[in-house]
Amino acid sequence: MNNQIQVTKIKEYVFNLFNEDATGHDFYHMERVAKTAKEIAEIEQADTFITETAAWLHDVGDHKLFKNPDETKEKLNVFLRKIGVSDQQVLAIERAIKDVSFSKGANPETLEGKIVQDADRLDALGAIGIARTFAFGGSKGRPIHTNDDQRLHLSSIQHFYDKLLLLKDLMNTSAARAIAQDRHDFMESFLDQFYVEWNVK
Ligand code: ADP
Ligand code: NI
């Protein structure tokens with residue numbers, strides 16, 4: 001099976017796993033991360049097949065999203081072998097997707113892993129990032145924002161300060177850094193407008 005057909009099979013696999021997600025980790029998140037990662041891989045001269053594949057699969061087996069992460073990852077390993085991805089490529093893909101998550105504070109060792117991490121983080125920024133934040137918060141029963149200091153740490157607005165506004169300085173590649181700056185500025189304007197409307201007299 002050639003790489004193109006393998007990527008098509010991988011897309012189908014990802015579609016079946018994430019089609020019904022409503023926490024901001026839906027199929028379209030995987031698609032955007034795959035597209036962005038592939039673009040950055042070309043600029044950075046990384047292995048585009050490993051980068052794109054790892055990007056499609058980066059949330060498979062995430063502990064937040066799957067009841068049995070180990071079993072999910074094992075099934076993925078079997079699937080990749082079944083479609084003819086070589087042992088060496090499977091290892092490279094698994095290494096690239098391991099610990100890309102900001103919440104785990106990971107520092108990927110390979111260029112491909114760094115690029116997937118950047119692409120995933122870029123999708124947490126800008127207009128899409130804002131939409132995903134409130135979708136994720138809503139799915140966990142979190143308030144949008146609150147005037148109650150005791151509950152503020154639970155709110156989706158607080159997540160901007162805990163994580164999202166820090167991401168632009170954590171990008172691994174310069175291509176991602178440039179995109180992140182634009183999206184960061186957009187979030188700052190969003191927050192300015194949000195407080196104007198929240199504090200309406
Ligand atoms: P990853 O696991 O890829 O590092 P997360 O799963 O933490 O990233 O984040 C995925 C999406 O969910 C992001 O858009 C992020 O902003 C949102 N999110 C994560 N944690 C929270 C939270 N506590 N409140 C609101 N949104 C959150
Ligand atoms: Ni992701």
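Order of appearance sets the numbers: ligands from 1, and atoms from 1 within every ligand. Worth knowing before you read on, the calculation uses all heavy atoms, side chains too, and leaves out hydrogens, waters and symmetry mates. The residues of the chain are indexed from 1 along the displayed sequence.
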Side chain Asp148, main chain Gln150, donor-acceptor under 3.5 Å: yes
Checking Arg183 side chain against Leu122 main chain: does a donor-acceptor pair fall under 3.5 Å? yes
Salt bridge between Lys75 and Glu71, side-chain N to carboxylate O under 4.0 Å? yes
With distance as the sole test, does Arg151 use its side chain to make a donor-acceptor pair with the main-chain N or O of Thr146 at under 3.5 Å? no
Would you mind finding which of Lys64, His25, Lys163 brings a heavy atom closest to atom 8 (O) of ligand 1? Lys163
Evaluate Ser155 for polar contact with ligand 1, using N/O atom pairs at a separation under 3.5 Å. no
Within reach of ligand 1, part of Leu164 (heavy-atom separation under 4.0 Å): side chain
Pick one of side chain, backbone, both or neither for how Asp120 approaches ligand 1, counting any non-hydrogen atom pair under 4.0 Å. side chain
At the Ni ion (ligand 2), what angle lies between atom NE2 of His58 and atom OD2 of Asp59, rounded to 10 degrees? 80°
Are any of the N or O atoms of Thr133 closer than 3.5 Å to those of ligand 1? yes
Proximal heteroatom of Asp120 relative to the Ni ion (ligand 2) (N/O/S): OD1
Glu112 side-chain N/O to Ala92 backbone N/O, donor-acceptor pair under 3.5 Å: no
Any salt bridge between Arg177 and Asp118, counting N to O under 4.0 Å? no
Checking heavy atoms under 4.0 Å, the part of Arg142 that sits near ligand 1 is side chain
